[in-house]
Amino acid sequence: VTELVLDNCRSSNGEIEGLNDSFKELQFLSMANVELTSLAKLPTLSKLRKLELSDNVISGGLEVLAERCPNLTYLNLSGNKIKDLGTVEALQNLKNLKSLDLFNCEITNLEDYRDSIFELLQQITYLDGFDQEDNEAPDSEDDDDEGDEDDDDDENEAGPPGEYEEEDDEDDGASDLGEGEEEEEVGLSYLMKEEIQDEEDDDDYVEGGDEEEEAEGVRGEKRKREPEDEGEEEED
């Protein structure tokens with residue numbers, strides 16, 4: 001398991017039942033709104049990179065994170081009971097931390113809150129979704145969507161056989177229905193055309209017969225004239 005979402009579950013005595021050190025491959029863990037009061041019973045998750053802990057009642061004890069999740073790059077503590085810089089100072093040991101979210105915590109009401117956090121945690125790039133120049137952090141979900149679009153394009157180019165087969169089946173069904181309707185129409189028109197063709201053939205036959213009779217009459221006249229012409233030549 002590399003991703004685990006436990007949002008809206010209920011913790012008991014600061015822990016989630018079943019969440020233990022056996023999740024060695026875990027990279028993303030979300031425990032939003034689970035009434036978590038402490039991180040003391042958080043298991044060791046050495047490969048964890050993203051941790052969502054928003055809307056809980058955590059007020060301190062953040063030093064545990066550096067011990068058990070040393071490779072964290074993203075930490076969301078928004079909506080918790082964090083009030084002062086001293087509590088956040090424990091995050092200095094998270095050397096890979098790039099993004100920290102403390103939105104809706106009391107600490108955000110401090111004067112020069114952002115400047116103080118960036119000075120205290122010099123390893124982070126984004127605080128509450130923005131860097132020091134107020135540039136918004138790229139949304140990882142958007143990146144995933146772009147990846148999905150690329151995959152869709154590849155699928156459209158290569159095309160899994162299953163999809164094409166389904167389309168072919170639908171086309172076949174539509175063509176079968178169309179052919180059935182066309183067959184009925186063609187059947188009637190074909191019979192009508194046959195009758196018309198038969199009438200035309202009869203007319204052609206009669207006309208052809210007359211022409212043949214005329215041609216035979218002409219040939220008969222020629223035969224009659226030829227002997228007469230020969231006789232006249234002999235007399236000459």
Side-chain angles (χ1 to χ4, degrees), residues 1-108 110 113-114 116-118 120-131 136-148 151:
V1 178
T2 58
E3 297 186 7
L4 183 61
V5 177
L6 300 172
D7 297 351
N8 303 314
C9 295
R10 288 292 174 263
S11 63
S12 176
N13 297 323
E15 67 177 343
I16 298 289
E17 185 178 353
L19 182 63
N20 51 47
D21 295 347
S22 63
F23 290 88
K24 297 185 182 301
E25 301 298 320
L26 207 59
Q27 297 179 24
F28 174 81
L29 174 61
S30 183
M31 294 190 295
N33 190 32
V34 298
E35 298 182 355
L36 202 60
T37 58
S38 168
L39 297 174
K41 296 185 179 181
L42 186 71
T44 299
L45 304 168
S46 58
K47 291 187 178 181
L48 195 68
R49 294 187 175 278
K50 296 184 69 174
L51 180 58
E52 291 271 1
L53 295 171
S54 59
D55 300 322
N56 286 291
V57 285
I58 299 168
S59 58
L62 300 183
E63 61 276 357
V64 173
L65 292 173
E67 299 172 7
R68 302 179 188 177
C69 309
N71 291 310
L72 275 184
T73 60
Y74 173 89
L75 176 62
N76 188 349
L77 289 167
S78 62
N80 279 277
K81 303 297 182 182
I82 298 170
K83 300 178 180 179
D84 53 61
L85 294 174
T87 304
V88 177
E89 187 176 1
L91 299 177
Q92 287 179 330
N93 293 325
L94 285 172
K95 303 301 182 183
N96 296 316
L97 190 64
K98 299 299 178 188
S99 180
L100 174 64
D101 197 335
L102 295 171
F103 179 74
N104 218 19
C105 292
E106 288 186 41
I107 191 174
T108 60
L110 295 177
Y113 153 70
R114 287 181 60 80
S116 299
I117 295 293
F118 277 117
L120 185 65
L121 304 175
Q122 296 184 6
Q123 77 273 32
I124 70 171
T125 304
Y126 300 101
L127 175 62
D128 302 335
F130 294 88
D131 64 12
E136 191 172 1
D139 192 342
S140 58
E141 292 182 0
D142 290 342
D143 296 340
D144 293 341
D145 290 341
E146 289 176 4
D148 293 340
D151 292 341

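Values in this document were obtained by computation on a predicted structure and should not be read as measured data.
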Side-chain donor-acceptor pairs under 3.5 Å in residues 21-28, sequence neighbours left out?
unit_1	atom_1	unit_2	atom_2	d
D21	OD1	T44	N	2.9
S22	OG	N20	OD1	2.3
E25	OE1	K47	NZ	2.8
E25	OE2	K47	NZ	3.3

Under 3.5 Å, sequence neighbours excluded: what are the donor-acceptor pairs made by side chains of residues 69-78?
unit_1	atom_1	unit_2	atom_2	d
N71	OD1	N96	ND2	3.3
N71	ND2	S46	O	2.7
T73	OG1	R49	O	3.2
Y74	OH	E52	OE2	3.4
N76	OD1	S78	N	3.0
N76	OD1	S78	OG	2.8
N76	ND2	E52	OE1	2.8

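Note that CG of L42 is 6.5 Å distant from CG of L65, once rounded to the nearest 0.5 Å. Going from atom CG of N56 over to atom NZ of K81 covers 10.5 Å, rounded to the nearest 0.5 Å. Atom NZ of K41 is separated from atom CG of L19 by 12.5 Å, given to the nearest 0.5 angstrom. Separating the NZ atom in K50 from the CG atom in L29 is a distance of 12.0 Å, to the nearest 0.5 Å. Atom CG of L36 is separated from atom CG of N80 by 8.0 Å, given to the nearest 0.5 angstrom. Taken to the nearest 0.5 Å, the SG atom of C105 stands 11.5 Å off from the NZ atom of K83.
For the 3.5 Å distance criterion, the side chains of T125 and D131 fail to qualify, holding no donor opposite an acceptor.
With D55 contributing its side chain and A32 its backbone, the two residues share no donor-acceptor pair below 3.5 Å.
Side chains of L100 and L94 form no contact here, defined as non-hydrogen atoms less than 4.5 Å apart. Put simply, the side chain of I117 does not reach to within 4.5 Å of the side chain of D128, judged on heavy atoms. Side chains of Y113 and I107 form a contact here, defined as non-hydrogen atoms less than 4.5 Å apart. Looking at L53 and L39, their side chains come closer than 4.5 Å, going by heavy atoms from C-beta outward.
Shown here are the side-chain contact (heavy atoms from CB on, under 4.5 Å) partners of S116, two or more places apart in sequence or in another chain: L85, D112. Scanning for side-chain contact (heavy atoms from CB on, under 4.5 Å) contacts around F118 gives R114, I124, L127, Q132, with sequence neighbours left out. Considering only residues two or more places apart in sequence or on other chains, Q92 meets the side-chain contact (heavy atoms from CB on, under 4.5 Å) condition with E89, L120, L121. Evaluation of the side-chain contact (heavy atoms from CB on, under 4.5 Å) rule for R10 yields N33, E35 as partners, not counting sequence neighbours.
The minimum heavy-atom distance between I58 and L62, with the atom names listed, is CG2-CD2, 4.2 Å. Annotation for R68 and A40: closest pair NH1-O, 2.6 Å, computed over non-hydrogen atoms.
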